[in-house]
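Reviewing the structure listed below.
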Amino acid sequence: MDYKDLAELIFPNAKDISYYEEKYPERNLPEGAIVTRFAPSPTGFVHIGGLYQALVAIECAKRTKGVFFLRVEDTDQKREVENGVTGIVNSLIDFDMEPDEGMISDTEEKGEYGPYKQSLRKEIYQAYAKYLISQGKAYPCFCTPEDGEEIRKKQEEAKIRPGYYGVWAKCRNLSVEEAIQKIKNGEQYIIRFKSPGREDRKIKHKDIIKGNVDFPENDLDIVIIKADGLPTYHFAHAVDDHLMHTTHVIRSDEWLSSVPLHLQLFQELGFKAPKYAHISPIMKNDNGGKRKLSKRKDPEAAVEYYKKEGIPPLAVKEYLLNIANSTFENWRRANPDKSIDEFDFQLNKMSVSGALFDMVKLLDIGKTVISKMTAEEVYEKSLKWAEEYDAKLAEILKNKEYALKVFGIERGNKKPRKDISKWSDVMYNIEYMYDEIFYGKEQEYPYQPAISNKEEIKDILNSYIEKYYNEEDDKQTWFDRIKALAVEKGYAGEVKEFKANPGKYKAHVGDVSTVLRVALTSRTNTPDMYEIMKVLGKDRIQKRFEKAIECLK
RNA sequence: GGCCCCGUGGUCAAGCGGUUAAGACACCGCCCUUUCACGGCGGAGUCAUGGGUUCGAUUCCCGUCGGGGUCACCA
């Protein structure tokens, strides 16, 4: 009896691996094309770090006319969440990061290299496990989880390296006959890889991001097929990325220390190993210390958070790209209007250490991104956001024609306003332009100390609307009239003049403007008042003044 | 604890043996200006530490310290 008999006994129905080798031929891609993937567990939750990885992967694939695919790693059934895959796919779509192939929902997929869901690939893994067993490179292990625990305990007590290896790997040296007998006796088992490695030897690995890294060889007989018949991550990774012809494995750097094992697996399976790029995680400052953004503690760890806040996906991507390649920022300054797809992303220029997440910077990028949009775009996007997250905003945005005027204020010129960094800022930015909200609020007029006399304010307001305001005026004329009003009432027409001779005037034209502004908007700081008045129109201006005067009493 | 990775201003970072050590965000000041934002100009602030190597180290080597990762029938 030999290894083949053992393999046959364990996986009687498994196909020969040549079947799969033929079924999934080499991809027909241009020279240098990168085939890579995003391979999350279907928890339905996409971590910002996952999005980051996916973005990097997409940039690589796009740049080389390669392939980016989505594979679902659901070999741990405990982690399975209902509709988890759809959730992930939708998040990618939200960010305009749709994969070229792979899963497109919980049950559907596209592409020739599937299934893209590992739980559906059971027989494939078993075929390769069978192959390994028949070669004497894997074996059934009859140790129970409790046995494993016991071994670890002993190792800990003896202060030696824990794990299933060397003399501790009890089942490794079972003869084929013994193994067959145990199986026939109905003993439960799992399949372990028979590692040819030695801990006292080093291997060299060149990681695209981390550079040269030396490790001790792997000598652990890790399990490749679990009791439930599904593979472990390591085995699935080797089989899948081989069969799917992945050229570059781009993943979080928590996997870096598994590289010796993975390389060994590829070697023993007779596969060509992919290139690896291990990305540093995005960190967060946690009083003094650094730690990974945590799903439990940090809301911003979830991609869903950005959607809820209304931070434009493009802003998130630009921010992430900036962490990935800091040259992006300079490129962006030089090419403010180009698509990010034109940026020459370099995998090997990625930072080796983990960056601290900087929300302030993200929001700054958000401001710039939104400032470049047309009023129409701002309208569409904020409405879409509002429909999902802010019913009141959605309601006031119904009148598109008017909303466009409001969003058009100081927009589209060479120096557009930058005061909206996310869609959830919109309400605050525009609410006073809507009468239903303006009059609905408890009226407060924060007049400035420069002009605080009630009669004075009333006089300025009345004079302005009666004698000085003319809807037809261009901006220069409009402001000249405000100056004339100021002068008439004994204020300096120029701020400079006032500063030069402060004793000569009650205050200056700026203070007069503030009176108008506050009456109009109940705010001291607003965008350009000329444009605001244009949008409001004379009737509404008059009404607001009347209301302001009324409130003075 | 073993193994591995990392350490330039508050943050992201360029730099790779000789630089006044880029740039961005944040901060401060000034200018522009009817407010605010924008924009422009300027400012403060950094090579973790100790030893080497070298004519010369932020750059190379070693130690120390600090941070992170990993040691599952989880991924």
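Each chain gets a letter, A, B and so on, in the order the sequences are listed, and its residues count up from 1.
The separation of B:C62 from B:C41, taken at their P atoms, amounts to 44 Å, rounded to a whole angstrom.
A:E488 is linked by a salt bridge (charged side-chain N to carboxylate O under 4.0 Å, His left out) to A:K467, counting only residues two or more places apart in sequence or in another chain. In this view, A:K78 and A:D76 satisfy the salt bridge (charged side-chain N to carboxylate O under 4.0 Å, His left out) rule, not counting sequence neighbours.
Residue pairs meeting the salt bridge (charged side-chain N to carboxylate O under 4.0 Å, His left out) criterion with at least one partner in residues 517-534 of chain A, sequence neighbours excluded, are A:E431-A:R523, A:K475-A:D528. Sorted by first and then second residue, the pairs that involve residues 346-368 of chain A and meet ring-ring contact (aromatic ring centres under 6.0 Å, His included), not counting sequence neighbours, are A:Y319-A:F357.
With B:C3, B:C5, B:A75 as the candidates, the nucleotide lying closest to the side chain of A:K202 is B:C3. Nearest nucleotide to the side chain of A:D358, out of B:U34, B:U11, B:A24: B:U11. Each of B:C73, B:A75, B:G68 was ranked by its minimum atom distance to the side chain of A:V223; first place goes to B:C73. In this structure, the nucleotide among B:C74, B:C12, B:U34 sitting nearest to the side chain of A:V495 is B:U34. Comparing B:C74, B:C71, B:A75 against the side chain of A:P162 picks out B:C71 as the nearest. Listed nucleotides B:C6, B:C12, B:C74 differ in distance to A:N322; the shortest reach to its side chain belongs to B:C12. Of the candidates B:C73, B:C5, B:A75, the closest approach to any side-chain atom of A:K210 belongs to B:C5. Among the nucleotides B:U35, B:C74, B:C32, the one closest to the side chain of A:K496 is B:C32.
Salt-bridge formation is detected for the pair A:E329/A:K361: a Lys NZ or Arg NE/NH1/NH2 atom is positioned less than 4.0 Å from an Asp or Glu carboxylate oxygen. The pair A:K506-A:D511 does not count as a salt bridge, with every side-chain nitrogen at least 4.0 angstrom from each carboxylate oxygen.
Using a 4.0 Å heavy-atom criterion, one finds that A:S353 contacts the sugar-phosphate atoms exclusively. A:S351 comes within 4.0 angstrom of the backbone, heavy atoms only, and of no base. Using a 4.0 Å heavy-atom distance criterion, A:A227 is classed as a base contact. The residue A:R291 sits apart from the nucleic acid: no heavy atom pair falls under 4.0 Å. Within 4.0 Å of A:R523, counting heavy atoms only, lies no atom of the nucleic acid at all. Among the atoms of the strands shown, base atoms are found under 4.0 Å from some heavy atom of A:N330. Using a 4.0 Å heavy-atom distance criterion, A:P145 is classed as a base contact.
For RNA chain B, the neighbouring residues in residues 410-418 of chain A, judged by any heavy atom under 4.0 Å, are A:E410, A:K415, A:P416, A:R417, A:K418.
When each of A:A39 and A:M283 is assigned the nucleotide of RNA chain B bearing its nearest heavy atom, the one mapping closer to the 5' terminus is A:M283. Annotation: of the two residues near RNA chain B, A:G354 and A:C143, the 5′-most nearest-nucleotide partner is A:G354.
The distance between atom CD of A:E254 and atom P of B:C74, rounded to the nearest whole Å, is 16 Å. Distance, A:E80 CD to B:C74 P: 14 Å, rounded to whole Å. Rounding to whole angstrom units, CZ of residue A:F498 and P of B:U35 are separated by 13 Å. The nearest whole Å value for the distance from the CD1 atom in A:I323 to the C1' atom in B:C25 is 12 Å. Regarding A:D253, its CG atom lies at a distance of 19 Å from the P atom of B:A75, rounded to whole Å. Distance, A:W331 CH2 to B:A14 P: 18 Å, rounded to whole Å. Here the P atom of nucleotide B:C36 and the OH atom of A:Y428 are 14 Å apart, to the nearest Å. In this entry the distance linking CG of A:N525 with C1' of B:U33 reads 13 Å, nearest Å.
Judged by Watson-Crick or G-U wobble contacts below 3.5 Å, the nucleotide B:A22 has no partner. When both distances must be under 3.5 Å, the Watson-Crick or G-U wobble mate of B:U53 does not exist. With both pairing distances under 3.5 Å, B:G45 is matched to nothing as a Watson-Crick or G-U wobble pair. Nucleotide B:A14 forms no Watson-Crick or G-U wobble pair with any nucleotide shown, as no partner meets the under 3.5 Å limit on both distances. Across every strand in view, B:C32 sits unpaired, with no contact that passes the Watson-Crick or G-U test at under 3.5 angstrom. Across all strands shown, B:C65 forms a Watson-Crick or G-U wobble pair, both distances under 3.5 Å, with B:G7. Using N1 to N3 plus N6-O4 or O6-N4 for Watson-Crick, or N1-O2 and O6-N3 for G-U wobble, each under 3.5 Å, B:G1 pairs with B:C71.
The aromatic ring of A:F215 does not sit over the base of B:C3; the criterion of centres under 5.5 Å apart with planes under 30° is not met.
Cation-pi contact between A:K182 and A:F142: present, with separation from the ring centre below 6.0 Å and deviation from the ring axis of at most 45°.
In summary, of the residues considered (A:H234, A:H237, A:H242, A:H205), a ring-ring contact (aromatic ring centres under 6.0 Å, His included) with A:F266 occurs for A:H237 alone.
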Scan the side chains in residues 45-57 of chain A for donor-acceptor partners under 3.5 Å anywhere in the protein, sequence neighbours excluded, and list what turns up.
residue, atom, partner, partner atom, Å
A:H47, NE2, A:L293, O, 3.4

